[in-house]
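Chain A is the first sequence line, chain B the second, and so forth, proteins listed ahead of strands; every chain is numbered from 1.
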Amino acid sequence: MGIQVYNTITRTKEPFEPLEAGKVRMYACGVTTYDVCHIGHGMQALIYDVIRQYLTFRGYDVTYVRNYTDVDDKIIARANGLGIPALEHASNMIASSERDLAALGVQPATIQPKVSDNIPEIIELIQSLITRDYAYEINGDVYFRVRAFQDYGRLSNRNVDDLRSGARIEVSEHKQDALDFALWKRAKEGEISWNSPWGPGRPGWHIECSALAMKYLGASFDIHGGGKDLIFPHHENEIAQSLCGTNGAFSRYWVHNGLVTVDGRKMSKSLDNFLTIDDAVNRYYPESIRYAILRNHYAANIDFSEQAFYDAYSRLIYFYSTLAKLDEIRATHAEAPAGVPEGMNPPDLKTEFINAMDDDFNTACALREIGTAFKWINDVMGAKKPKLKQKAWVLLKVGDEIRRCAAVLRLLTEEPAQALADIRDYLVRQRDIDVNAVASQIEERDRARADKDWQRADQIRNELADMGILIMDTPNGTVWQVQP
RNA sequence: GGCGGCGUCGCCAAGUGGUAAGGCAGAAGUCUGCAAAACUUCCAUCACCGGUUCGACUCCGGUCGCCGCCUCCA
């Protein structure tokens, strides 16, 4: 059936067909770089990274642009507070954001342009809007004439008269109409500014995304994404500016991700209920955060709780433990036999994965299919029927398929033994567990077991269990994991 | 007030006009010295009330509750 995408502008799921065969051009709104990123930003970045990655997996040549809005009121205010230039502060925050996303395991976009590097393009677009009479200048400010654009409100399903009745529209004596929004803001005392045909100033919000998207992707492109909270006014305004300022169609598909909530409320700086990415990756194994995000559909809000991360740990331990067993098999059964032994029915993971992801990037269903494949491996691995020698090759093949699919989701990319050790370290730190004490307990238990002193051995195991330590006796000795 | 969305098993979470994926937790079993891990089995009728339909959790109307946007926001 091909890829289906839910398009906000039509409020339906549509077949995805890029403008240019084999190529996808996509844009996602990045962050305004005035402060460190919280996991809501991390979730947004991960979602579009995964969408990009999936489209690549499906054979498209993807160009993915994610901007940095590094010129903005809040940046200026914050920088003034710190006593440093606005762009310097923005640059610090960009660096911080890139460190955060790297730590989270999110890959950078193809192009990550900054507003401050693209002022001429912005001015040019504003100029074009003025020429076409969609914008006007007053005292060094330039505003977009909202009522001049017939289709205004189409994305967010609003009509201008409803907006007018809204109580909280900013009043400005300069605007011709309360709905009009700023394209260019005249510089105030001591503010960072650029020269323009309307005097020194800086871009308003919204215009940068239009200019950057069209500069790097063309006046018409395929996908535009962002958080649900940007639908209005940000994306609505982007559409207005872009369509009115050029002859292009701007974005064809509008994708909006859900938000991270805390106790049901949106995570945001203003509510002061945010968890920064930096804190999050220190507290939780980063992949567990990615898992916790991707087990939901991207458009759903996610309410993070400790439980969400424990669930993620359980699954990751299961996944990596299985992969670790496969690694052992690989080490001892390298050769590939002729084919699949009689009676074995390995899952066609790739097909199931594509079916799941084609349906509006349903990562929740994709993870179910990955889980099913793992279960199959464990089932076959534990079975006596085909000898390991015969089935090893098939097991490894399915394992490789799992890793290829999971990699699209930015999951299971680590070396299994290392991942298991790292997960344990995270849990050890979080629970404040004394690793040396655990080790000596286990040694003592091993001695008791060697003496067949089962009572003592079980007593120690129970003590460890009370601390949340799970003991596993394997042919290669006793290993332990922290109960998530 | 306007616009949009949500309410599915104890918890998390998919989904569909034809009698509800998956995960966590729980129960039983296989395995094990005993466990753990792994595997097997069991575990919901989809907020409420109407309507359309042969048939709705899925469509329509209403009620209740929650959330987002309309101001900066991923």
So does A:Arg449 get a side-chain nitrogen or oxygen closer than 4.0 Å to the phosphate oxygens (OP1/OP2) of B:rA35?
no

Verify the contact: side-chain N or O of A:Asn362 to OP1 or OP2 of B:rA14, cut-off strictly under 4.0 Å; return yes or no.
no

Describe the nucleic acid contact of A:Met267 in one word from base, sugar-phosphate, nothing, applying a heavy-atom distance below 4.0 Å.
base

Tell me whether the centres of the aromatic rings in A:Tyr291 and A:Phe309 are closer together than 6.0 Å.
no

Parallel, tilted or perpendicular, judged at 30° and 60°: which one describes the rings of A:His256 and A:His235?
tilted

Considering just the side-chain nitrogens and oxygens of A:Lys375, establish if one lies under 4.0 Å of OP1 or OP2 belonging to B:rG22.
no

With sugar-phosphate meaning primed atoms plus P, OP1 and OP2, does A:Gly264 contact a base, only sugar-phosphate, or nothing at under 4.0 Å between heavy atoms?
sugar-phosphate

Would you say the ring centroid of A:Phe221 lies under 6.0 angstrom from that of A:Phe250?
yes

Once you apply a heavy-atom cut-off of 4.0 Å, does A:Ile231 come out as touching a base, just sugar-phosphate, or nothing?
nothing

Residue list, ring-ring contact (aromatic ring centres under 6.0 Å, His included) with A:Phe319, at least two apart or on another chain:
A:Phe374

OP1 or OP2 of B:rG4 sitting under 4.0 Å from any side-chain N/O of A:Arg158?
no

Per side-chain contact (heavy atoms from CB on, under 4.5 Å), A:Trp376 is matched among A:Leu349, A:Ile402, A:Leu395 by A:Leu395

Residue pairs passing the salt bridge (charged side-chain N to carboxylate O under 4.0 Å, His left out) test where at least one lies in residues 289-307 of chain A, sequence neighbours excluded:
A:Arg295-A:Asp311

Give one of base, sugar-phosphate or nothing for A:Tyr310, where a contact means two heavy atoms less than 4.0 Å apart.
nothing

At less than 4.0 Å, is any side-chain N or O atom of A:Lys266 found next to OP1 or OP2 of B:rA74? Yes or no.
no

Which part of the nucleic acid, if any, lies within reach of A:His297 when heavy atoms closer than 4.0 Å are counted: base, sugar-phosphate only, or nothing?
sugar-phosphate

Any side-chain N or O of A:Asn157 under 4.0 Å from OP1/OP2 of B:rG4?
yes

Would you jot down, in residue-number order, the residues of residues 64-79 of chain A having a non-hydrogen atom under 4.0 Å from RNA chain B?
A:Lys74

